Amino acid sequence: MPTLRFYNTLTNWKEDFHPLIPGEVRMYTCGPTVHDFAHIGNFRAYLFEDLLRRTLKYLGFRVIQVMNLTDVDDKTIRKSQAKSMTLRDYTAIYKEAFFQDLDALRIERAEVYPAATDHVPEMVELIRRLVEKGHTYEADGSIYFRISSFPEYGKLSNIRADELRAGVRVDADEYEKEDVRDFALWKAWTPEDGEVYWETALGKGRPGWHIECSAMAARYLGTHFDIHTGGVDNIFPHHENEIAQSVCGFGTKFANYWLHNAHLVVNGEKMSKSLGNFYTLRDVTSAGFSPRVVRYFLLSAHYRQPLNLVYDPRAGVTESLDAARSALGRLDEFRVKLTELGRRSAAGDLQSREVSDLLDKAEEALVAALANDLDVSGALGAVFTLVKEGNRLLASGEMTPTDAVAVNDKLQRWDRVLGVVEPEAETGVDAERIEALIRERNEARQAKNFARADEIRQQLLREGIVLQDSPTGTRWKKE
RNA sequence: GGCGGCGUAGCCAAGUGGCCUAAGGCGAAGGUCUGCAAAACCUUUAUUCACCGGUUCAAAUCCGGUCGCCGCCUCCA
């Protein structure tokens with residue numbers, strides 16, 4: 001097995017990975033704030049984390065992943081109030097939608113999805129520890145973390161107090177903070193919070209945003225664990241603050257490796273509602289692209305590289321997703337041929353030397369790429385090199401039925417880490433009727449009645465069914 | 001202004017000291033095959049890695065500088 005290496009934001013270096021407990025990886029991944037549908041840029045982050053956990057498992061590690069659900073913050077409170085709903089009812093809608101999207105995108109479930117509102121006692125306990133150790137101060141009933149009490153503050157992001165851009169707004173209602181980087185651990189209740197509050201030892205109020213991750217990570221992973229991930233935008237202040245809270249509160253180290261994914265950009269611009277280039281998974285699937293195509297696209301570039309989605313459906317521009325769909329189509333065609341040939345294999349048949357060498361080399365290339373800081377482009381390169389070589393052997397007749405089974409098995413095995421090989425289940429298609437029409441067409445072709453044959457081809461084409469004749473029979477697929 | 005990332009073919013995108021006269025995908029051109037149509041296969045599509053210096057026997061890869069792009073700088077993955 002090649003050495004597994006990750007780029008660690010903490011050290012700005014690609015490092016060899018060594019988990020705290022051999023063979024086991026504990027990771028915390030920042031999850032969604034459930035006040036709206038997640039957009040496909042958000043899913044790039046969750047897909048990166050999915051690739052990370054699948055890669056670790058593929059390489060033989062046991063993985064314990066925790067992803068938080070942030071179901072209380074200013075925005076969420078405001079939006080639920082606007083709908084006259086309780087916080088719980090309101091966030092339930094988006095929690096459900098989030099899990100539907102995860103399933104559609106074939107994102108493996110984490111081991112635990114703790115919701116912030118279910119862990120207030122743990123947060124209160126951590127804040128209490130921070131108060132005891134003198135890392136906090138109180139102002140108007142709210143409790144703030146005092147940055148100056150933690151000399152290591154800024155190590156992750158390399159941001160120093162004197163480097164913060166001068167003149168940038170300091171929220172008017174936070175004038176009482178001693179340092180602009182100080183942040184709220186506990187927010188005292190205000191009338192705008194309405195029904196949203198907890199009566200605790202700290203008073204009536206609600207937790208600050210950062211504290212949930214420190215508290216829930218400790219609860220499910222321990223205070224010192226292996227990997228923490230999130231989008232680059234979280235480096236400062238969120239992750240910096242998590243480190244401060246956890247290290248000061250628990251007195252242990254926090255995460256050993258920090259991995260951050262770059263953003264998805266759309267036509268070279270940041271995705272935002274105001275620019276009108278803001279897309280949810282629902283938007284893209286209703287434009288005719290399957291979640292599998294979206295998964296392939298979002299996964300295809302290295303996670304630390306900004307990924308550009310060339311997409312403007314109103315102008316008919318769908319380049320990126322078209323390319324992804326074509327590439328998957330090529331893979332699907334290959335697998336159909338392998339399956340057809342594989343059916344003729346018999347027990348005791350030998351695999352050819354050439355194919356087994358090809359598979360060994362491909363496996364080596366795939367694993368080496370993934371172990372190198374999740375170089376998924378390199379891994380897909382290995383997949384398509386196998387497709388290309390395999391097609392060559394198929395065309396020249398050098399591939400035996402047993403070889404075909406072996407190649408197909410290999411692709412299926414790889415799908416455990418890639419999650420893009422299996423085609424989407426066809427829905428709304430009457431396969432028996434189509435096959436009956438294909439039989440009729442082939443009889444017509446035998447009888448040289450090509451007019452009838454073409455008629456059937458056209459009829460099916462109107463339904464979006466494409467026929468492909470081959471020496472071994474006629475295949476069909478939905479376009 | 002500070003911090004971080006990045007600039008590789010028409011487009012997307014790997015490769016971070018020698019196997020690179022640079023993977024893979026999309027697109028394009030020619031050919032083989034084919035009742036039609038497609039797929040597949042073969043060939044072609046970067047002697048070059050933003051630019052300029054330097055280190056080295058050897059650089060897309062390391063160092064310095066220049067130009068350009070993106071992100072973060074208080075709650076956005």
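This one's a predicted model, so the numbers in the text were calculated from it and none came from an experiment. So that the names make sense, note that chain A is the first sequence line, chain B the second, and so on, each numbered from 1. Atom set for the values below is all heavy atoms of this structure, side chains included, hydrogens, waters and symmetry mates excluded.
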Can you tell me which nucleotide in B:C36, B:C42, B:C76 comes closest to the side chain of A:R445?
B:C36
Using 30° and 60° as the class boundaries, would you call the ring planes of A:H39 and A:F278 parallel, tilted or perpendicular?
perpendicular
Which of these nucleotides, B:C26, B:C75, B:C42, is closest to any side-chain atom of A:R330?
B:C26
Nearest-angstrom distance, P atom, B:G10 to B:C51
14 Å
How close or far is atom P of B:C73 from atom CG of A:N158, stated in whole angstroms?
16 Å
Between B:C62 and B:U16, how far apart are the C1' atoms? Round to whole Å, please.
9 Å
When A:I235 and A:L467 are each assigned the nearest nucleotide of RNA chain B, the 5'-most assignment goes to A:I235
Separation of A:K477 atom NZ from B:A39 atom P, in whole Å?
7 Å
Length of the CZ-C1' vector between A:F278 and B:C76, whole Å
10 Å
Rounded distance (Å) that lies between atom P of B:G24 and atom NZ of A:K361:
13 Å
Side-chain N or O of A:R475 closer than 4.0 Å to phosphate OP1/OP2 of B:A39:
no
Determine: side-chain N/O of A:K75 to OP1/OP2 of B:C76, distance under 4.0 Å, yes or no.
yes
Rounded off to whole Å, could you give me the CG-to-C1' distance for the A:L307 and B:C12 pair?
9 Å
Looking at the base of B:C76, is there any donor atom on it, or on the side chain of A:N42, that sits under 3.5 Å from an acceptor on the other one?
no
Describe the nucleic acid contact of A:N241 in one word from base, sugar-phosphate, nothing, applying a heavy-atom distance below 4.0 Å.
nothing
Test of understanding: with ring pair (Phe, Tyr, Trp, His ring centres under 6.0 Å), list the residues that count as partners of A:F334, not counting sequence neighbours.
none
Under the side chain to side chain contact (heavy atoms under 4.5 Å, CB included) test, residues paired with A:D375 that sit two or more places apart
A:A369, A:S377
Can the ring centroids of A:H260 and A:H239 be said to lie less than 6.0 angstrom from one another?
yes
I'd like the C1' distance from B:A50 over to B:C42, given in whole Å.
35 Å
Under the side chain to side chain contact (heavy atoms under 4.5 Å, CB included) rule, collect the residues that match up with A:E364, sequence neighbours excluded.
none
Output the rounded distance in Å from NE2 (A:H238) to P (B:C75).
13 Å
Give me the distance, rounded to whole Å, that separates B:A28 from B:C67 when you measure between the P atoms they each carry.
40 Å
How far does the C1' atom of B:G71 sit from the matching atom of B:A14, given to the nearest Å?
22 Å
Measuring from the side chain of A:V232 (C-beta onward, heavy atoms only), which nucleotide among B:G71, B:G25, B:G35 has the closest atom?
B:G71
Under a plain distance cut-off of 3.5 Å, with no hydrogens placed, do A:D71 and A:Y90 share a side-chain donor-acceptor pair?
no
Kindly say if A:N391 contacts the phosphate of B:C41, meaning a side-chain N or O under 4.0 Å from OP1 or OP2.
yes
Relative to the ring of A:F145, is the ring of A:F150 parallel (under 30°), tilted (30 to 60°) or perpendicular (over 60°)?
perpendicular
Mapping A:E333 and A:D454 to their closest nucleotides on RNA chain B, which lands nearer the 5' end?
A:D454
Answer yes or no: side-chain N or O of A:R44 and base N or O of B:A77 forming a donor-acceptor pair under 3.5 Å.
no
Which residues pass the side chain to side chain contact (heavy atoms under 4.5 Å, CB included) test with A:E443, not counting sequence neighbours?
none
Base, sugar-phosphate or nothing for A:G230? Non-hydrogen atoms, less than 4.0 Å.
sugar-phosphate
Do the rings of A:Y296 and A:F384 sit parallel, tilted or perpendicular, given the 30° and 60° boundaries?
perpendicular
Would you say B:G5 has OP1 or OP2 under 4.0 Å from some side-chain N or O of A:Y7?
yes
Looking at A:F17 versus A:Y257, is the centre-to-centre ring distance below 6.0 Å?
yes
By centroid distance (under 5.5 Å) and plane angle (under 30°), are A:F384 and B:G24 in a stacked arrangement?
no
If you measure only the distance, is there a donor-acceptor pair under 3.5 Å linking the side chains of A:E333 and A:Q468?
yes
Closest to the A:R392 side chain: B:G35, B:C42, B:A77?
B:C42
Atom CD in A:E389, atom NZ in A:K361: separation rounded to 0.5 Å?
7.5 Å
Pairwise P distance, B:U61 and B:U55 [rounded to whole Å]
15 Å
When you get a sec, tell me which of B:C36, B:A39, B:G25 is the closest nucleotide to the side chain of A:A327?
B:G25
Rounding to an integer number of Å, can you tell me how far A:F236 CZ sits from B:C72 P?
13 Å
Taking the P atom of each, how far is B:A60 from B:A23, in whole Å?
14 Å
Hey, is the side chain of A:R304 pairing donor to acceptor with the base of B:G5 inside 3.5 Å?
no
Give the B/S/- string for nucleotides 14-20 of chain B, one per nucleotide from 5' to 3', where a protein heavy atom under 4.0 Å of the base yields B, of only the sugar-phosphate yields S, and otherwise -.
SS-----
Anything below 3.5 Å on both distances counts as a pair; with that, list the stems of at least three consecutive Watson-Crick or G-U pairs involving RNA chain B.
B:1-7 with B:67-73, B:10-12 with B:24-26, B:27-32 with B:40-45, B:50-54 with B:62-66
Give a yes or no on whether a donor-acceptor pair under 3.5 Å exists between the nucleobase atoms of B:G35, that is its base, and the side chain of A:R441.
yes
Can you tell me, in whole Å, how much space there is between the C1' of B:A37 and that of B:C76?
49 Å
Proximal nucleotide (of B:G4, B:G24, B:C36) relative to the A:T385 side chain
B:G24
In whole Å, I'd like the distance from the CG atom of A:L264 to the P atom of B:C72.
13 Å
Hey, can you tell me if A:F254 and A:W258 have their rings parallel, tilted or perpendicular (30° and 60° cut-offs)?
tilted
